[in-house]
There are 2 protein chains.
Amino acid sequence: MARQPPTKPRKNASQERSRATVDALVEATARILVRDGFEKASTNRIAEVAGVSVGSLYQYFPSKEALVAAVIDRHNEEIMGIVRAALAEVADLPIDKAVRKLVTVAIDAHRINPKLHRVLAEQIPRTGQLRDVEAYNREIQTLVRAYLESRRKEMRKVDLDVATFICVSAIEAIAHNTVLHGAEMLSEKMVRTLADETTRLVVGYLR
Amino acid sequence: MARQPPTKPRKNASQERSRATVDALVEATARILVRDGFEKASTNRIAEVAGVSVGSLYQYFPSKEALVAAVIDRHNEEIMGIVRAALAEVADLPIDKAVRKLVTVAIDAHRINPKLHRVLAEQIPRTGQLRDVEAYNREIQTLVRAYLESRRKEMRKVDLDVATFICVSAIEAIAHNTVLHGAEMLSEKMVRTLADETTRLVVGYLR
DNA sequence: ATGAAAAGCGAGCGAATGCTCACATTATAT
DNA sequence: ATATAATGTGAGCATTCGCTCGCTTTTCAT
């Protein structure tokens, strides 16, 4: 049978061993990012830490960017899972209850892996493949907008797009800054206070 | 006279020619950042674009980081100039008038050089020397807090630090996202709407 | 058992980068 | 005019990095 030269399978993992390799590579990338920062994350080092050869690395990831993108994606999926769940859970609640929940969730989501979150926010240049973070932002925007639309009667008259933009930006920034500045030693009391205040900010604005 | 070996003056510019060299280097760095992004900004290229030799570059800047830091600093000083002026101008105004002015100024400040702003925000890893951006944030925080303190009677009872953090984070994020998403083609009408809404958000929160 | 596909290996290439250093030119003071 | 300091030059060193390729080992269907 005339086969195409099997020199370049490139990419997909089918056997279990290779899936483990891929996992090890992504995990190693994340660990290096957290421990040593973006600059120290060379492909050679990632392969070494993963206990894998560089050659194997390039069987599954076409570039260093792809590796970092995989880490970002994994982290964003974790966050989005929580956010999607919260938004579903909140769909039938009145605005004040809903906003409180969403604010809390936003802060919690940013606290999942604060060190990684910090590195991703501060050290990763959003270039080439890495620019797709915006997609997640757009999804959140859409979901929140849909919720607000369903609760329009509780709100004053506002342009929904503008209101969504304002609310999401504000909540996101406060959650983000809270985690970045406070590092990990955030008293639960402080978190509660910030959640209360942010809720007040947003709810007061919407109606 | 026994002098210290004049082999390593390093750094300070005293004659006019050298000050021009320093300027050219910073300007070239900024231009490369805007035109080609952070990755393409090598010291050799910066020197070339500045019409200066690499050697001269290293007489005034100990590293590539220092060069980028200088660009960031110049840009931040521009912004801080505007913000400081606005805060002074606003010191005797009531909260609603003051907030409106500050929100407008925040957006305008981010629009000074949107392309550079975007590169600095998206592509520059905040590492080593570059971490000092936080200092500007702290100054703004302090100035705003002082204003709010002087206007405490117009406000509800709040922890001033918390309120400052919330307001600054929100305003900054909205201004930032506005400029980043809308690029440069932002209708004046849209800007005004966003300023109005943000003002409402913040003023409603404070009292 | 066997052969082919899948997975893994790692020395090392070519390119780029940050930076140095031995030297040349210009400015300043006497 | 001359000496000294200030400023400027650029070829090239040392290093690192992303990545390739010829090869070996493992897995699996038959």
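Below, read A as the first sequence line, B as the second, and so on, with proteins coming before strands; counting in each chain starts at 1. Side chains included, hydrogens not; waters and symmetry mates left out as well; all remaining heavy atoms used.
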Would you say [X] places a side-chain N or O within less than 4.0 Å of OP1 or OP2 belonging to [N]?
X     : N      : answer
B:T43 : C:dG18 : yes
B:Y58 : D:dG8  : no
B:T21 : D:dG8  : yes
B:S53 : D:dG10 : no

* Asked: Hey, does the Lys NZ or Arg CZ of A:K64 hover above the aromatic six-ring of A:F38, less than 6.0 Å from the centre and inside 45° of the axis?
  ->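 The answer is yes; both the distance and angle limits are met.
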To the nearest angstrom, how far is [X] atom [atom1] from [N] atom [atom2]?
X     : N      : atom1 : atom2 : answer
A:Q59 : C:dA5  : CD    : C1'   : 12 Å
B:R19 : D:dG8  : CZ    : C1'   : 16 Å
A:E48 : D:dC17 : CD    : P     : 12 Å
B:E39 : D:dG18 : CD    : P     : 10 Å
B:I46 : D:dG10 : CD1   : P     : 17 Å
B:I32 : C:dT17 : CD1   : C1'   : 14 Å
A:K64 : C:dA15 : NZ    : C1'   : 16 Å
A:R45 : D:dT15 : CZ    : C1'   : 16 Å

* Heavy-atom neighbours of A:R126 CZ exceed 12 at 6.0 Å ->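 Above 12, so yes.
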Side chain of [X] only, heavy atoms from C-beta on: which candidate in [options] is closest?
X     : options               : result
B:V54 : D:dG18, C:dA7, C:dC19 : C:dC19
A:R17 : D:dT7, C:dC9, C:dG8   : C:dG8
B:Y60 : D:dG18, C:dC19, D:dG8 : D:dG8

* Position toward the 5' end of DNA chain C (nearest nucleotide), A:G55 or B:S56 ->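 On the 5' side of the pair lies A:G55.
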* side-chain hydrogen bond (donor to acceptor under 3.5 Å, both in side chains) with A:T29: which residues, sequence neighbours excluded? ->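 For A:T29, no residue satisfies side-chain hydrogen bond (donor to acceptor under 3.5 Å, both in side chains) once neighbours in sequence are set aside.
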* **Atom pair CG/OG1 of B:L194 and B:T178 - distance to nearest 0.5 Å** =>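 Nearest 0.5 Å value for the CG-OG1 distance: 4.5 Å.
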* To do: Could you tell me how the ring of A:H75 sits relative to the ring of A:H117: parallel (under 30°), tilted (30 to 60°) or perpendicular (over 60°)?
  =>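 Taking A:H117 first and then A:H75, their aromatic rings sit tilted (interplane angle of 30° to 60°).
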